[in-house]
Amino acid sequence: MSWSDDVTGSTQSATRVVPYVPPHLRNSVVNNGAHSFDNGNSYGSYSTESTQHGFRSNRPGSAGSSRSSRGRGGRRGQWRGRGRKSLGSSRSLSQEIFEVCEKFDDLEVSEEDGNGGGGGGGGGINFDAYEDIPVEANGTDIPTAANTFVEICLGERLSENIKRCKYVRPTPIQRHAIPIAVAGRDLMACAQTGSGKTAAFCFPIISGIIKSRSPRFGGQTTGVCFPSALILTPTRELASQIHDEAKKFAYQTGVKIVVAYGGASISHQFRNLEKGVDILVATPGRLVDMIERGRISLRLIKYLTLDEADRMLDMGFEPQIRKIVERMDMPKPGVRQTMLFSATFPSEIQRLASDFLSNYVFLAVGRVGSSTDLIAQKVDYVEDMDKRHYLMHILHDQKVNGTCGKHALTLVFVETKKRADALEYWLSVNGFPAIAIHGDKVQMERERALKSFKSGATPIMVATDVASRGLDIPNVAHVINFDLPRDIDDYVHRIGRTGRAGKSGIATAFFSEKNLPLAKVLVELMNESNQEIPDWLHQYAETSISSSGGQRHGSSKFAAYDYRSTTSGNENYYYSSSYGGADSFDPNVASPCDVSGAAPSSSQHHLSPNAEPYAAGQYAYGGGYETVVATGWD
DNA sequence: AAAAAAC
């Protein structure tokens with residue numbers, strides 16, 4: 001993942017002819033930005049944009065108003081970074097990092113920033129914005145946040161790599177989390193992927209390993225590996241992405257990072273392990289397999305990180321995670337250092353997670369005006385049978401009007417693997433190059449799909465929730481929830497694939513009768529991110545039973561607050577100095593591909609549930625896809 | 001109820 005989707009996205013699309021760039025060397029640019037959470041106290045969410053962009057208020061006019069109470073949980077913050085970095089003169093580096101950075105340098109100039117910073121080119125990040133980010137830190141003896149990487153003393157080699165990657169100054173999550181982690185404290189952190197989160201846990205781990213390095217385990221004699229750090233992720237692709245990122249940070253430090261996940265050659269992974277491993281990035285199943293085969297021991301684990309921690313502890317994953325963390329040979333909490341990261345963190349999941357922690361610091365870092373206000377969220381009532389044609393209609397508009405730009409990617413989420421395949425086929429046959437990704441594909445197909453999508457070769461990807469979390473896919477301009485998820489958290493993660501790194505994006509949801517239980521929480525979410533809500537959805541929200549709200553304190557699941565605070569004090573708040581007047585929202589940052597505003601179809605977008613929402617065959621698409629292809633795929 | 005995650 002990287003900070004600057006927009007920059008890197010441009011890279012890939014603009015330079016598709018350039019030689020292959022290894023994944024771990026892509027995206028190595030700085031972004032800057034923040035996301036937000038409600039503070040959980042009486043201040044409504046607020047935000048400040050960098051000064052060159054003026055202030056942005058999530059809720060114009062709402063600064064200081066009490067919008068949410070602690071009890072109902074904060075709003076989720078969607079990270080929005082600003083893809084600006086300063087371009088230092090290139091140092092003479094022999095490796096690929098150098099070339100990649102060079103490419104980024106070029107891009108920097110050509111980058112079109114939809115939000116048009118007044119600063120113009122060469123700018124560099126405006127870190128003033130960081131002074132105004134709402135941060136909640138909760139716990140005892142919380143280490144002070146750092147303003148620079150230098151003052152954190154991460155070590156010479158790592159610092160050099162950080163510079164090479166053009167990370168000029170830490171992002172908010174890094175400012176707060178890194179000192180906490182370096183101090184050896186356990187941490188539960190709420191921060192959106194794309195916010196520099198990977199770096200936030202990688203830097204302290206790499207630094208710590210270098211500092212405590214002993215030649216003791218230099219040679220593996222027994223064939224058993226003893227990693228000192230373990231990073232667990234919920235999907236293979238995310239493991240791979242973190243591995244790539246971490247390798248970049250550990251360049252020439254001697255810190256060895258190995259990735260292990262299913263669906264790929266285990267013997268190959270074993271061979272990598274045999275070369276030595278300090279940091280193991282893994283998915284749960286493969287890790288358990290390797291442990292049970294006696295090839296990995298967790299006995300010497302000093303750092304344990306769970307990425308997307310809320311997912312890792314949800315119903316499907318919890319038993320496996322508990323097995324790894326509590327019933328293998330992992331050192332106990334307090335002996336090892338444990339860090340949990342996630343964007344959404346329901347309080348009951350926090351409660352489970354706290355079993356793994358010892359005297360931890362809870363951290364919610366964010367900026368109001370989070371990406372959800374850069375993501376234009378739209379909900380259309382579309383019955384299942386009309387969805388395909390409605391999708392075609394939208395895609396056709398995008399194509400004809402170029403509303404999303406030349407290299408824009410569209411990510412379409414569906415409910416099941418079968419539907420993913422079916423829709424992929426349907427789209428392909430009807431003139432829209434699409435590729436599907438889901439867990440029934442063999443790993444190589446999954447990787448190929450992702451690569452094809454990222455590169456723009458297949459600008460439409462149909463996905464299940466395998467792609468909803470953590471993946472940093474540059475240039476996704478439009479996320480379409482062809483089928484809405486049942487869980488509002490999944491919705492948040494899905495739409496978070498766009499609107500990243502300062503680029504605006506749009507998210508369109510097809511709401512059908514089946515989604516009634518989601519109405520209430522969806523309306524709340526959209527309200528909080530200042531979105532326009534169609535009347536019919538309002539009505540549904542009022543009449544429907546709140547589904548997932550029932551299990552929470554309130555109706556929000558996002559709990560960007562420490563669940564401990566409901567029973568204890570110990571809170572430390574850091575507030576901005578200027579939230580009060582932050583209200584010059586710039587309407588011009590609207591999405592360059594704002595379908596709702598620009599597309600001829602906008603009249604279709606607020607249909608009454610009872611109205612004829614969409615009539616197939618009513619539009620001349622041109623692509624020849626009027627021909628409905630009935631296949632065995634359905 | 002689906003998806004993900006080992007062989």
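Quick caveat, the model's predicted, so the values are computed rather than measured. Proteins come first, then strands; the chains are lettered A, B, ... in the order of their sequence lines, and each starts at number 1.
Rounding to whole angstrom units, CE of residue A:M315 and P of B:dA3 are separated by 14 Å. A:D490 has its CG atom 12 Å from the C1' atom of B:dA1, to the nearest Å. For the pair A:I437 CD1 and B:dA4 C1', the interatomic distance rounds to 12 Å; values are reported in whole Å. In this structure, A:D310 places its CG atom 14 Å from C1' of B:dA4, rounding to the nearest Å. The distance from atom CG of A:D314 to atom C1' of B:dA1 is 13 Å, rounded to the nearest whole Å. Rounded to a whole Å, the CD1 atom of A:I321 is 12 Å from the P atom of B:dA5. In this structure, the CD atom of A:E237 is 13 Å from the C1' atom of B:dA3, given to the nearest Å. Nucleotide B:dA5 holds its P atom 9 Å from the NZ atom of A:K417, rounded to whole Å.
Phosphate contact (OP1/OP2 of B:dA4, side-chain N/O of A:T283, threshold under 4.0 Å): absent. Within the structure, every side-chain polar atom (N or O) of A:R236 is placed at least 4.0 Å from both OP1 and OP2 of B:dA4. Not one side-chain nitrogen or oxygen of A:T464 sits closer than 4.0 Å to the OP1 or OP2 atom of B:dA2. Between A:R311 and B:dA2 there is no side-chain N or O to OP1 or OP2 distance below 4.0 Å.
Under 4.0 Å is where a charged nitrogen must lie from a carboxylate oxygen, and between A:R311 and A:D489 no such pair does. The pair A:K197-A:E245 fails the salt-bridge criterion, with no side-chain N (NZ, NE, NH1 or NH2) lying under 4.0 Å from an Asp/Glu carboxylate O. The pair A:R295-A:D289 fails the salt-bridge criterion, with no side-chain N (NZ, NE, NH1 or NH2) lying under 4.0 Å from an Asp/Glu carboxylate O.
Between the base of B:dA5 and the side chain of A:Q320 there is a donor-acceptor pair shorter than 3.5 Å.
Residue A:V288 is out of contact with every strand shown, counting any heavy-atom pair closer than 4.0 Å. Backbone-only engagement by A:G439 is indicated by non-hydrogen atom pairs under 4.0 Å involving sugar-phosphate atoms exclusively. Here A:R419 lies out of heavy-atom contact (under 4.0 Å) with every strand.
Side-chain contact check for A:H478 and A:T508: at least one donor-acceptor pair (N or O, by modelled atom type) lies under 3.5 Å.
No donor-acceptor distance shorter than 3.5 angstrom exists from the side chain of A:S342 to the backbone of A:F345, with no hydrogens or angles considered.
Relative to the side chain of A:R486, the nucleotides B:dA3, B:dA6, B:dA1 differ in distance, and B:dA1 lies closest. Taking the side chain of A:E415 as heavy atoms from C-beta on, and the options B:dA2, B:dA5, B:dA6, the nearest nucleotide is B:dA2.
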